[in-house]
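Working notes, structure below.
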2 protein chains.
Amino acid sequence: MITSTIENYIKQIYLQQQENKSKLLPMGRLAAAMHVVPGTATAMVKTLADSGLVEYEPRSGIRLTHGGEQLALHVLRRHRVLESFLVEVLGLDWSEVHEEAETLEHAVSDKVLERMDLLLNRPQFDPHGDPIPTAKGQIKKIRLVPLTDLKPGHATIIARVADQDPAFLQFAEKNGLLPGVALTLIERDEQADSVQVRLQEKITVTLGGKAAEKILVRMATG
Amino acid sequence: MITSTIENYIKQIYLQQQENKSKLLPMGRLAAAMHVVPGTATAMVKTLADSGLVEYEPRSGIRLTHGGEQLALHVLRRHRVLESFLVEVLGLDWSEVHEEAETLEHAVSDKVLERMDLLLNRPQFDPHGDPIPTAKGQIKKIRLVPLTDLKPGHATIIARVADQDPAFLQFAEKNGLLPGVALTLIERDEQADSVQVRLQEKITVTLGGKAAEKILVRMATG
DNA sequence: AACTATATTTTGAATTATCAAAAGGATGTG
DNA sequence: CACATCCTTTTGATAATTCAAAATATAGTT
Ligand SMILES: [Mn+2]
Ligand SMILES: [Mn+2]
Ligand SMILES: [Mn+2]
Ligand SMILES: [Mn+2]
């Protein structure tokens, strides 16, 4: 049986693997991401391997099987459609929907999700700019770069805000750093670890490296 | 910690107790309602008693404490608001929402529920005519009677359809037996165990006793 | 009072998910 | 190569929830 614990592990494995594709995901990394002690992750990974969801190479790490990846994409779809629904239909703030979706993603049926998806007119991205996999498990791969990779004068559009921390999301919103917003890089000071961008005439924001890395934009000039 | 298992037991204890108020609810009845073997119910009831949610009198039965009743009403509220939401906002059929709500009732936060309640304009009854407890745990007590208690010529309004079985609900809908619908009792034949009602000019429905008992109407003439 | 049928509780075992702490393996430095 | 360090795995326990089957209590009936 696929429990919500399994869904959470598989989803996390998928997300962690995205960070460093091609390499096996080490157990320690998974344990940390799941907030469990390493032994717990090892035990769970064995049952995931028995279920054919991951390939497990002891003392090196794991990788999702095709089935595991499909499951991850389904859970991710539920999560992101739910986030969109909570923002668009119920009017919650984009900073609080991640936590809500974290629980609901294990409780909504395919039928209910389909209705939400329809009501939202089949959104392709969630409120944070993350792509929503289709019901068949296809996900858009778009090449995005963090603000820290732009050169002065480069004009583009914010595509994604890559942090689920409510405090950061509230900060981003207050400063107009939302997906879809146009921006131009003014300057980047390596030494000061800072990036300054202009959103509209007269509105500029300065971010430190850590924050700037979480704001992802399209490569092509928007 | 209040698990979904606990919520399901407490809700069921409340519902079963409503059937025969004043008396203790026997363990066998609870076990049957929860679809578990009697020993399982006994074990769970002991932990519920330890948590102060029920009073347990071995070999006689149980009753909810005040705290237990409040919890039951909160779960019931979530269940019924969700059912309303699924029907009104997502357009699911009234025959399928009970099952969906059975899972979602353990996953929605107070905040999300409040938004749904607001969007629905604070409904007082769910799609089946069951009263929705307020956030503070108040529930409307309305005296309803089954069709089998009406006398010929009595005109009234359907208030509640007391069965969650999708097949019965679909049957009821197809025959216009929905909450809010006006009806007049034409005749009742004790011997034939049948009840005939008129919904509108020319539209009459005949039901056997079992089915007629599930259609509840207001006492006062509607 | 004795017997029988029914309801309830106890016992023993399984499953899932977790932690703490001990044990074992891999790797890089000197 | 030997050792220290850092991972990872193993072991032993615990909590929650369940079932099957044995044991026990209650109530109803001769
Ligand atoms: Mn989750
Ligand atoms: Mn998101
Ligand atoms: Mn439930
Ligand atoms: Mn209902």
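Chain letters run A, B, ... following the sequence lines, proteins first, then strands; residues in each count from 1. For the numbers below, each heavy atom of this structure counts, side chains included, while hydrogens, waters and symmetry mates do not.
- Contact annotation: B:Y56 side-chain N/O to C:dT8 OP1/OP2 distance is not under 4.0 Å.
- Protein atom CE of A:M27 is 9 Å distant from nucleotide atom C1' of D:dT9, rounded to whole Å.
- The phosphate of D:dT17 has neither OP1 nor OP2 within less than 4.0 Å of any side-chain N or O from B:T40.
- Considering only side-chain atoms of A:V37, the nucleotide from C:dC19, C:dA17, D:dC19 that sits closest is C:dC19.
- By the 6.0 Å contact criterion, CG on A:D189 is enclosed, its count of non-hydrogen atoms from other residues, nucleotides or ligands being greater than 12.
- Across the interface with DNA chain D, nearest-nucleotide mapping of A:A43 and B:G39 shows A:A43 to be the residue nearer the 5′ end.
- In this model, the phosphate group of D:dT10 is approached by a side-chain N or O of A:K46 to a distance below 4.0 Å at OP1 or OP2.
- The CE atom of A:M34 sits 10 Å away from the P atom of C:dC19 (whole-angstrom rounding).
- Taking atom CE of A:M44 as the reference point, atom P of C:dT16 lies 9 Å away to the nearest angstrom.
- What separates CG of B:L48 from P of D:dT18 is a distance of 11 Å, to the nearest Å.
- Between A:R59 and A:Y9, the residue whose closest nucleotide on DNA chain C is further toward the 5' end is A:Y9.
- A salt bridge does not link A:R78 to A:E83: none of the charged nitrogens lies less than 4.0 Å from a carboxylate oxygen.
- Rounding to whole angstrom units, CD of residue A:E57 and P of D:dT9 are separated by 11 Å.
- Contact check on A:K11 versus A:E105 returns a salt bridge, with a Lys/Arg side-chain nitrogen under 4.0 Å from an Asp/Glu carboxylate oxygen.
- Going from atom CZ of B:R29 over to atom P of C:dA7 covers 12 Å, rounded to whole Å.
- Side-chain atoms of B:P26 lie closest to C:dT8 of the nucleotides D:dT18, C:dT8, C:dT16.
- Computed from coordinates, the B:H35 NE2 to D:dT17 P distance equals 18 Å when rounded to whole Å.
- At whole-Å resolution of the value, CD1 in A:I2 and P in C:dT15 are 19 Å apart.
- In terms of modelled atom types and a separation under 3.5 Å, the side chain of B:N175 and the main chain of B:L177 share no donor-acceptor contact.
- Judged by distance alone, with hydrogens and angles left aside, the side-chain atoms of B:H128 form a donor-acceptor pair with the main-chain N or O of B:W94 at under 3.5 Å.
- Among D:dT10, C:dT10, C:dA17, the nucleotide with an atom closest to any side-chain atom of B:T42 is C:dT10.
- Distances were taken from every side-chain heavy atom of B:T3 (C-beta onward) to each of D:dT8, D:dT17, C:dT18; the shortest belongs to D:dT17.
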